[in-house]
Amino acid sequence: MPEGHTLHRIARRHNALLGGRKVEVWSPQGRFSAEAAMLDGRRLDEVGAYGKHLFYRWDGAPTLYVHLGLVGRFTTWSRSEAPPATSGTRLAMRAADATTYLTGPMACRLVSGEEENEIIGTLGPDPIRSRRGRAEFARRLGPRRVPVAAALLDQRIIAGIGNVYRAELLFLLGIHPDTPAAALTPEQVDALWDLSVDQLRLGVEHGRIVTVRPAEMGARGRVDLDDDERLYVYHRDGLPCRRCATPIRMKEVAGRRTWWCPVCQPGGS
DNA sequence: TCTTTATGGTGAG
DNA sequence: TCACCCTAAAGAT
């Protein structure tokens, strides 16, 4: 589930349900018990999302840092009653009108203000936080030889893009994933940033990634699309391109599989 | 009942 | 580049 839009959505919901309230904090799994005890009963001041990173800031306690990684997940109810936590639940938080369980996080720990700043400091501009990161994105992308599909996953260049968005953004712009970053025109670099802003913010609003455009939706609206109708290329190897019917292709770039249409995204090696 | 897969990232070599 | 970490659900047997 987690690309940038997911994390910002979690921050928004947790701010609404838990922010400004005293929160009961514990660790059903036990692996976070000592830290949970330091937060238990404190007031949660604010939840901040930066790229794929979450920071829970408390009154009188260190910041709770959470990174979901590939398999991490928050399950949240807008009431204090919830089903029992599973044995894998690392962290549980409960306020008067909300309960949330965290499973499988890559990172869940308390951090100092200094460490919090270091983590945020490594990140490139986040297109969900601010639209005004285009010049910084272009600067960090730089005249690199790395494939653009690798650069888009590098959180130091742009924060919040994941494996689905990188494939879909490159399809929408007609750019082959192997294209070296240095070979992109300034117009393509600008378009990558602008499209990232639009698409990730759309993802925050809808709560899922939907990149297909109205021309390919048929008579249906964006919210009515089934899960297998939302995307152009991600995980569609061998299936016909929605625009030109050419079979979608797949290869690894930067250690992750990616997908593209050889006709709509010409070039590569 | 296995094995595989997943929208992520780190650290060793 | 590879091994590894985390959990749950889907797919194979």
Side-chain angles (χ1 to χ4, degrees), chain A residues 1-11 27-33 35 49-55 64-76 83-92 100-109 111 115 118-124 126-128 146-147 149-172 177 195-196 199-212 225-238 248 250-260:
Chain A
M1 298 278 289
E3 295 196 26
H5 68 297
T6 304
L7 287 304
H8 282 266
R9 206 176 159 87
I10 289 167
S27 176
Q29 183 191 52
R31 287 181 54 180
F32 196 65
S33 293
E35 298 90 335
Y50 300 76
K52 300 171 188 170
H53 306 253
L54 287 170
F55 297 91
L64 167 65
Y65 167 58
V66 173
H67 193 299
L68 293 182
L70 186 58
V71 298
R73 186 186 195 105
F74 272 109
T75 309
T76 303
T86 62
S87 60
T89 301
R90 183 81 56 88
L91 167 73
T100 189
Y101 295 152
L102 170 64
T103 59
M106 187 183 76
C108 174
R109 63 177 195 266
V111 295
E115 190 177 358
E118 282 174 12
I119 293 167
I120 295 170
T122 63
L123 299 174
D126 177 343
I128 298 174
V146 298
L152 288 177
L153 283 188
D154 186 339
Q155 302 298 300
R156 297 169 299 185
I157 293 175
I158 181 170
I161 304 282
N163 207 24
V164 176
Y165 276 124
R166 77 157 168 173
E168 295 295 309
L169 295 172
L170 292 176
F171 173 86
L172 286 168
L195 189 61
S196 299
Q199 287 294 326
L200 270 75
R201 290 183 177 198
L202 210 51
V204 175
E205 295 316 310
H206 288 290
R208 59 179 187 168
I209 303 175
V210 181
T211 57
V212 290
L225 295 177
D226 291 337
D227 280 350
D228 60 359
E229 302 176 304
R230 303 174 297 131
L231 307 173
Y232 284 108
V233 293
Y234 176 78
H235 224 302
R236 297 193 71 240
D237 44 307
I248 298 301
M250 183 270 286
K251 69 177 296 185
E252 277 203 9
V253 178
R256 313 281 305 278
R257 291 194 286 170
T258 198
W259 293 263
W260 82 101

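Here the structure is a predicted model, which means the values were calculated and not measured. Each chain gets a letter, A, B and so on, in the order its sequence line appears, and its residues count up from 1.
- If you take atom P in B:dT10 and the same atom in C:dA8, they sit 23 Å apart, rounded to whole Å.
- Contact annotation for A:R208: no contact, since no heavy-atom pair falls under 4.0 Å across all strands.
- Ring planes of A:H53 and A:H67: perpendicular class, angle over 60° (limits at 30 and 60°).
- Computed from coordinates, the A:Y50 OH to B:dG9 P distance equals 17 Å when rounded to whole Å.
- Not counting sequence neighbours, A:H8 has no partner by the ring-ring contact (aromatic ring centres under 6.0 Å, His included) test.
- Two residues are said to be in side-chain contact when any heavy atoms from C-beta on lie closer than 4.5 Å; A:L70 and A:M106 fail this criterion.
- Annotation: C:dA3 and B:dT4 have their P atoms spaced 15 Å apart (nearest Å).
- Contact annotation: A:H67 side-chain N/O to B:dG9 OP1/OP2 distance is under 4.0 Å.
- Using a 4.0 Å heavy-atom criterion, one finds that A:H235 contacts the sugar-phosphate atoms exclusively.
- Legend: residues meeting ring-ring contact (aromatic ring centres under 6.0 Å, His included) with A:Y50, ordered by chain and number and at least two apart, are A:F55.
- Remark: A:Y165 engages A:H5 in a ring-ring contact (aromatic ring centres under 6.0 Å, His included) (not counting sequence neighbours).
- Using P as the reference atom, C:dG11 and B:dT7 are 15 Å apart when rounded to the nearest Å.
- Between B:dG9 and A:R256, no contact under 4.0 Å exists linking OP1 or OP2 to a side-chain N or O.
- Scanning for side-chain contact (heavy atoms from CB on, under 4.5 Å) contacts around A:R257 gives A:H235, A:M250, A:E252, A:W259, with sequence neighbours left out.
- With sequence neighbours excluded, no residue satisfies side-chain contact (heavy atoms from CB on, under 4.5 Å) with A:R9.
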Hey, what are the protein-to-nucleotides 4-7 of chain C N/O distances that come in under 3.5 Å?
from: C:dT7; atom 1: OP1; to: A:Q29; atom 2: NE2; distance (Å): 2.4

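- Residues satisfying the side-chain contact (heavy atoms from CB on, under 4.5 Å) criterion with A:E115, sequence neighbours excluded, are A:R109, A:V111, A:S112, A:I119.
- In this structure A:T103 satisfies the side-chain contact (heavy atoms from CB on, under 4.5 Å) test together with A:R73, A:T86, A:T89, sequence neighbours excluded.
- Of the residues in residues 156-170 of chain A, A:G162, A:N163, A:V164 come within less than 4.0 Å of DNA chain B through at least one heavy atom, sorted by number.
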